[in-house]
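All remarks here apply to the structure that follows.
Just follow the structure's listing: the first ligand is 1, and inside any ligand the first atom is 1.
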Amino acid sequence: MGPGIHPHTLPSQPNMKPTTHKLGRDGLYHPNGNLHFFKSQFLTTLPYPSDSYTGKTIIVTGSNTGLGLEAARHFVRLGCSRMILAVRNLSKGLAAKASIERSTGCCSESVISVWELDQCSYASVRSFASRVSAELERLDILLLNAGVCPLAGPWRMVEQDEEAITVNVVSTFLLAVLLFPKLRETARLFHVHPGESGRGTKPGGPTMTVVTSLAHTYTDFYLARSAPEGQLFKTLSCSPDRAEATFDDHTDQYFISKLLEIFVVRALAAQCPVEKTGVTINCVQPGFVKSGLFKFEGAIAVAIGMVMNGLVARSTEVGSRTLVHAASQGGKETHGAYLSDCKVDEPAEIVTGEEGKVLQERVWRELKVKMERIVPGVLKGLEV
Ligand SMILES: NC(=O)c1ccc[n+]([C@@H]2O[C@H](COP(=O)([O-])OP(=O)(O)OC[C@H]3O[C@@H](n4cnc5c(N)ncnc54)[C@H](OP(=O)(O)O)[C@@H]3O)[C@@H](O)[C@H]2O)c1
């Protein structure tokens, strides 16, 4: 399969297995039915975070705005000892720090730090991880929230892949793997007492939470399922066969990136059992939330976006409660889990069905090869 081939133009392949999950593109799919989305948006009350984070050190990526900013605000309000705002634009990060300090009355200058992290650059991911290893004594929560959803404009290649794949998937998990040893060390030094057995089995250990989306249910993963072995990421990033990528091209890519995140969280969790490492790895979908994520272009799209934001979307603060909740659920009950509305939920059948196991294994296998090429030896940090 070469460049120029795209999901919407692919010829049907007779030996390809048909999709086993209900396709979401023409209608919302959820294992519990379409009503789930509307019930979740309109009828669910999400608990206001109230746990204490005293003594904890927390990193939130993409925390200058949106869900990340509101999650960071909750953690600071609830007394975390250190909050690292990992942002790609330092002046926006400093504005976020000032906003959190104002709203929470946090007056200790040393609680919130703004560190640079640009997930469009592997070098930036590596240098952020090195700084964490060198400067942080502990890391209790790693909230991997930064993400993009291009809706218009050219198909942008960043590092080796299309932008959404690089930012949402490759850089997110490269950072996850680079920081895993610090989470593990924190579990060992601060959460497990000498002689205690069953580490990670009681709530409160370090957590790594990836912010995914219900949008993972809207793709049949068609292109990836037909990619030649070893070329999954290359295939996913090949450009549409037209000069300008369309809205559908971009949104498909976002859906795929969110599905990949769920596969990788499950694979990573299976490879690193919480009972052995003390670190809980999970993912969360926050619902449809008002934020700057969807950058609509054109008068009609902007108008539709405003109506959706006004009528259906949760406020950013309400959405952020799901992030805070997931990142606070250390323990085997949520290890490898997909959380929604502050509960463990089921992702799409493409993940949980028979074919999901094969796809998950493949995604993880090819991502591991890619990460090992970017940072030789990086996977050693996952050995249990
Ligand atoms: N909003 C929703 O309805 C919704 C639903 C499901 C899932 N999500 C997920 O929630 C997460 C947060 O999204 P949001 O809605 O809060 O959107 P947002 O307001 O656009 O926030 C996204 C954050 O990610 C950062 N970011 C983007 N590219 C980056 C890069 N290359 N390196 C480092 N940081 C980068 C952004 O920084 P800049 O400000 O510098 O661009 C921003 O801080 C995303 O993973 C998204 O997929 C959102």
Taking [X] first and then [Y], would you say they form a salt bridge - that is, a charged N and a carboxylate O separated by under 4.0 Å?
{"X": "Glu366", "Y": "Lys234", "result": "no"}
{"X": "Glu70", "Y": "Arg321", "result": "no"}
{"X": "Arg138", "Y": "Asp140", "result": "yes"}
{"X": "Arg156", "Y": "Asp161", "result": "no"}
{"X": "Glu355", "Y": "Arg225", "result": "yes"}
{"X": "Lys97", "Y": "Glu101", "result": "yes"}

Backbone or side-chain N or O of Asn89 under 3.5 Å from ligand 1 N or O: no
Polar atom proximity, Ser213 to ligand 1 (N or O, under 3.5 Å): no
pair Tyr53-Ile141: side-chain heavy atoms closer than 4.5 Å: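 Yes, at least one pair of side-chain atoms sits under 4.5 Å.
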Within-4.5 Å side-chain heavy-atom neighbours: Phe75 and Lys56: no
Verdict with reasoning, Leu259 to Phe221, per side-chain contact (heavy atoms from CB on, under 4.5 Å): CA-CA 8 Å; Leu259 176 60; Phe221 213 38; 3.7 Å; yes
Closer than 4.0 angstrom: is that true for some heavy atom of [X] and an atom of ligand 1?
{"X": "Gly287", "value": "yes"}
{"X": "Gln285", "value": "no"}
{"X": "Thr212", "value": "yes"}
{"X": "Lys258", "value": "yes"}

Proximity to ligand 1 by part of [X], non-hydrogen separation under 4.0 Å:
{"X": "Val167", "value": "side chain"}
{"X": "Leu293", "value": "both"}
{"X": "Pro286", "value": "side chain"}

State the atoms of ligand 1, each with its element, that fall below the 4.0 Å cut-off from a heavy-atom position in [X].
{"X": "Thr65", "answer": "19 (O), 21 (O), 39 (O), 42 (C), 43 (O)"}
{"X": "Lys92", "answer": "39 (O), 40 (O)"}
{"X": "Asp118", "answer": "30 (C), 31 (N), 32 (N)"}
{"X": "Leu117", "answer": "32 (N), 33 (C)"}
{"X": "Val211", "answer": "9 (C), 10 (O), 11 (C), 45 (O)"}
{"X": "Gly66", "answer": "16 (O), 19 (O)"}

side-chain hydrogen bond (donor to acceptor under 3.5 Å, both in side chains): pairs with one or both residues in residues 262-271, sequence neighbours excluded: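 Applying side-chain hydrogen bond (donor to acceptor under 3.5 Å, both in side chains) to every pair that reaches into residues 262-271, excluding sequence neighbours, yields Arg266-Gln360, Gln271-Trp364.
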